[in-house]
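See structure below.
Both counts, for ligands and for their atoms, begin at 1 and track the order of listing. What you see is a predicted model, and the numbers here were worked out from it, not measured in a lab.
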Amino acid sequence: MPVILPDPCTNKRYNAQSSYLKKRFGKKTVKISLNGGFTCPNIDGTKGAGGCIYCSSKGSGDFGGNPIKSISEQFGEVKEKLMNKWGSDLLCIPYFQANTNTYAPLERLKKLYSEALSQENVVGLAVSTRPDCITEETADYLAELSKQTYLTVELGLQTIHDETARLINRCHTYSDFLHGYEMLEKRGINVCVHIINGLPFETREMMLETARELGRLRPHAVKIHLLHIIRGTALAEMFERGEFAEMDMESYIETVCDQLELLHPETLIERLTGDGDKETLIAPLWSRDKKSVLNGIDKELRRRNTVQGIRN
Ligand code: SF4
C-alpha cells in the first residue's frame with residue numbers, strides 16, 4: 001500500500017474544523033461559549049426527570065458563561081480570555097452550549113441569537129440542542145438564519161443504540177434523532193452530531209456502529225467525546241458501585257481512529273475528546289492530559305498509514 005500523507009496544511013489525518021474555519025474566514029476563528037439560561041426537557045420533567053445520567057449540574061455546559069449576565073457581557077468576558085491566549089486578531093462564533101438551546105418560545109430564541117450575532121467580529125453561530133427539540137417552526141427560522149451566517153446546529157446523539165440511550169436516560173430514541181436531523185438537513189442547515197465513547201456496557205463494535213451510521217449520514221461535523229464521570233451525577237454513583245469500568249486511554253485512541261476511518265472524509269472533526277470540568281472529574285483521570293490523547297490519535301493514524309474516511 002502506498003504511504004498516505006497527512007493534509008499538508010494541518011499535518012493532520014482528519015478534517016480538522018479549526019483549519020476549515022481558518023480557510024473559510026481567513027483568520028483564526030474561535031467559539032465563544034455562552035449560557036442563554038435555557039433548561040432541558042429531560043430535566044424539567046417534560047421528557048424525563050433527572051437528566052442524562054452523566055449530565056453535570058451546569059447542563060453539560062461547564063464552560064458556558066453565567067446566565068445571570070447578558071449575552072453581550074458573557075461574550076465580552078470569554079472573548080477577552082481567548083484574546084489573551086490567541087492574540088487580538090480573532091473572529092468569533094458565539095456558541096449556545098449549556099442545556100437545550102432551542103427549548104424556548106421562538107421569540108426568545110430570536111432575541112438571544114440576534115444579540116449574539118450583533119457582537120463585534122462574529123462570523124457565525126452555533127446552537128447546541130436535543131434532536132427532539134426541533135419543531136418545524138424552529139427549523140424554518142434556523143434555515144433563514146443559516147442563509148445569513150455560518151450556522152451550525154449541534155445535535156446530541158451520543159449513541160445509535162436505544163438500549164444504551166435508555167440506560168443513560170436520554171429520553172429519546174435513535175429514530176427521534178433521525179427525525180430532528182432530517183428536519184435540519186432537508187433545509188440545508190449544517191449539523192454537528194455529538195457522540196460519546198465509553199458509555200456503560202457499550203462494546204467497541206457498538207461505538208463503531210454509531211460511527212458507521214454517521215458515515216452514512218455525512219453530517220457537516222462531528223464531535224467525539226469521551227464519557228466523563230463527574231462528581232454528583234447518577235453515573236458517578238453507578239461507577240462508585242463498580243457497575244461499569246471507565247474506558248482506558250489505549251482503547252479510546254484505537255476506537256477513535258477506527259471511527260475516523262468510518263466517517264465521510266468531508267465531515268469536519270470538531271472534537272476528538274471531551275473537556276470535563278477538572279475539579280469535579282472522577283474518571284478517567286488520564287483524560288486531563290488532552291495533549292497526550294490527541295498526540296496518541298495522530299500517532300496511531302500514522303502507524304496505520306490511514307486517514308479519515310478510508311473505510312467510508
Ligand atoms: S440533554 Fe443535555 S442538558 Fe439535557 S439532561 Fe441530557 S446532557 Fe443534560
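- With ligand atoms numbered from 1 in the order given, ligand 1 contributes 3 (S) to contacts under 4.0 Å with heavy atoms of N99.
- Using a 30° and 60° split on the angle between ring planes, Y20 and H220 fall in the perpendicular class, above 60°.
- When heavy-atom distances to ligand 1 are checked against a 4.0 Å cut-off, C52 comes that close through both its backbone and its side chain.
- Side-chain N/O atoms of N197 and Q259 include a donor and acceptor closer than 3.5 Å.
- Here C40 fails the criterion, with no N, O or S atom under 2.8 Å of atom 8 (Fe) of ligand 1.
- When H172, K47, Q97, R130 are checked for heavy-atom proximity to atom 1 (S) of ligand 1, R130 turns out nearest.
- Atom numbering of ligand 1 starts at 1 in the shown order; those under 4.0 Å from a heavy atom of R170 are 1 (S), 6 (Fe).
- Between the side chain of H264 and the backbone N or O of E266 there is at least one donor-acceptor pair closer than 3.5 Å.
- Taking every heavy atom of G51 and a limit of under 4.0 angstrom, the matching atoms of ligand 1 come to 5 (S).
- Between D176 and T173, the side chains place a donor N or O and an acceptor N or O closer than 3.5 Å (distance only, hydrogens not considered).
- Not one N or O on the side chain of Q97 forms a donor-acceptor pair closer than 3.5 Å with the backbone of S128.
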